[in-house]
Protein chains: 2
Amino acid sequence: MGLDKYIEMLKTKGLKVTQHRLEIMKYLDNNRTHPTLDQVYLYMKEKFPSISKMTVYNVIDSLISSRIINSMRFVNSTELHVDFDNKTHFHFVCGKCGEIYDLDSDLDLQELLKKEGHEAEDYNVNIYGTCGKCAKK
Amino acid sequence: MGLDKYIEMLKTKGLKVTQHRLEIMKYLDNNRTHPTLDQVYLYMKEKFPSISKMTVYNVIDSLISSRIINSMRFVNSTELHVDFDNKTHFHFVCGKCGEIYDLDSDLDLQELLKKEGHEAEDYNVNIYGTCGKCAKK
DNA sequence: TTCTTAAATTATAATCATTACATTATTGGA
DNA sequence: TCCAATAATGTAATGATTATAATTTAAGAA
Ligand SMILES: [Mn+2]
Ligand SMILES: [Mn+2]
Ligand SMILES: [Zn+2]
Ligand SMILES: [Zn+2]
């Protein structure tokens, strides 16, 4: 059922292939809603009723460390959010409905950082405001 | 001792002027290190040994809500950080030493958001990597 | 295939940040 | 000075994350 893609990604990173990792990767790949760990856990519990929440923490942790997925925190939330899309893009968080929108960008950090001597590995751009839908109301 | 500036800011926003608010504002103005609430609390306890941590939460909350200060969260930290500088700028977080650097920017969000119909009120740009100092070692 | 070991999963407890709430004190205007 | 709204306090509760130790599993070697 098309898990080869995920198996390949794990092997490339030298991570062991487990059912939990594959299922979480598939879920995140098909649900680009920037879920919290708890949301991932609730989904996983449906499929694996005996799963431990710690497994979700561990899986997410290994996927982030190996750069398979991205993570972000927003000022209005106390939880870590994750995103299967690890191509750099911006996020817009609506303060009214809470929806998190993806925004494309062509921001070039390298030039900005070069003169400072810093080496960037990753970044988050979080924009807060009122989304188009909510603005109309 | 130059508190007029802060008194003025509070009055402009319709907030009551209290010793705690003034002291926290002065502290944040003079310490642009993006402290956590706990760091602000530890400082305040020196000056006001009987202060409640809740007061720090409340003060910070009112300063953020009135847009006098900015706040941000980083993926590697579970705590809210605050910044007296509310002019938009970027932050670079060094994964080695933990230092948070300010970076100037001329990012224009308006154009980016216009076509999506979103209305931005604020944003955070958090860049993660290794800072110049740590890179040399 | 079986053995071996490092890595992953689990369960539980502990810690840390934040929120809720009820009480008391203070600010700023009448 | 007096009053009402707001701020500060103390305590308890909640929620997210981390720590730890025991058990199970993945995957390579024999
Ligand atoms: Mn995204
Ligand atoms: Mn700053
Ligand atoms: Zn919205
Ligand atoms: Zn550094």
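Note that the structure is a prediction, hence the values are computed from the model and not measured. So that the names make sense, note that chain A is the first sequence line, chain B the second, and so on, each numbered from 1.
A donor and an acceptor atom, one from each side chain of A/D29 and A/Y6, are located under 3.5 Å apart. Residues A/H91 and A/N124 bring no donor and acceptor atom of their side chains to less than 3.5 Å of each other.
Residues meeting the side chain to side chain donor-acceptor pair (under 3.5 Å) test with B/N58, sequence neighbours left out: none.
Computed from coordinates, the B/M25 CE to D/dA7 P distance equals 13 Å when rounded to whole Å. Protein atom CD of B/E23 is 18 Å distant from nucleotide atom P of D/dA7, rounded to whole Å. When the C1' atom of C/dT27 is taken as reference, atom CG of B/L22 falls 12 Å away, rounded to whole Å. Atom CZ of A/R21 is separated from atom P of D/dT25 by 15 Å (rounded to the nearest Å).
Checking C/dT9, C/dA17, D/dA16 against every side-chain atom of A/T78, the shortest atom distance belongs to D/dA16.
Interface residues of residues 27-47 of chain A facing DNA chain C, ordered by number: none; criterion, heavy-atom separation under 4.0 Å. If you check residues 50-67 of chain A against DNA chain C, the residues with a heavy atom closer than 4.0 Å are A/S50, A/I51, A/S52, A/M54, A/T55, A/N58, A/V59, listed by number.
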Using nucleotides 28-30 of chain C, report all nitrogen or oxygen pairs with the protein that are shorter than 3.5 Å.
unit_1, atom_1, unit_2, atom_2, d
C/dG28, OP1, B/V17, N, 2.6

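Within a 6.0 Å radius of NZ in B/K96, other residues, nucleotides and ligands contribute 12 heavy atoms or fewer. A/E116 CD: more than 12 foreign heavy atoms inside a 6.0 Å radius. The environment of CG in A/D104 is sparse: at most 12 heavy-atom neighbours from other residues, nucleotides or ligands sit within 6.0 Å.
Applying the salt bridge (charged side-chain N to carboxylate O under 4.0 Å, His left out) definition to pairs two or more places apart or across chains, none involves residues 122-137 of chain A.
When the nearest nucleotides of DNA chain D are assigned to A/Q19 and B/G14 by heavy-atom distance, the more 5′-ward of the two goes with B/G14.
Close placement of the A/H118 and B/Y101 rings is indicated, their centers lying within 6.0 Å of each other.
OP1 or OP2 of D/dT17 has at least one side-chain nitrogen or oxygen of A/R73 nearer than 4.0 Å. In this structure, B/H20 reaches the D/dA8 phosphate: one of its side-chain N or O atoms is under 4.0 Å from OP1 or OP2.
Each end of the helix from C/dT1-D/dA30 to C/dA30-D/dT1 yields a helix axis from five base pairs, and these two axes differ in direction by 40° (to the nearest 10 degrees).
For B/E121 and B/R67, the salt-bridge test passes: some basic side-chain N is under 4.0 Å from an acidic carboxylate O.
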#### Entry: Verdict with reasoning, A/I24 to A/L63, per side-chain contact (heavy atoms from CB on, under 4.5 Å)
CA-CA 10 Å; A/I24 287 178; A/L63 296 179; 4.3 Å; yes

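Residues B/L10 and B/T18 fail the side-chain proximity criterion, which asks for heavy atoms closer than 4.5 Å.
Under the 4.5 Å side-chain contact rule for hydrophobic residues, A/L42 and A/M25 do not share a cluster.
No side-chain donor-acceptor contact under 3.5 Å links A/H89 to the backbone of A/L103.
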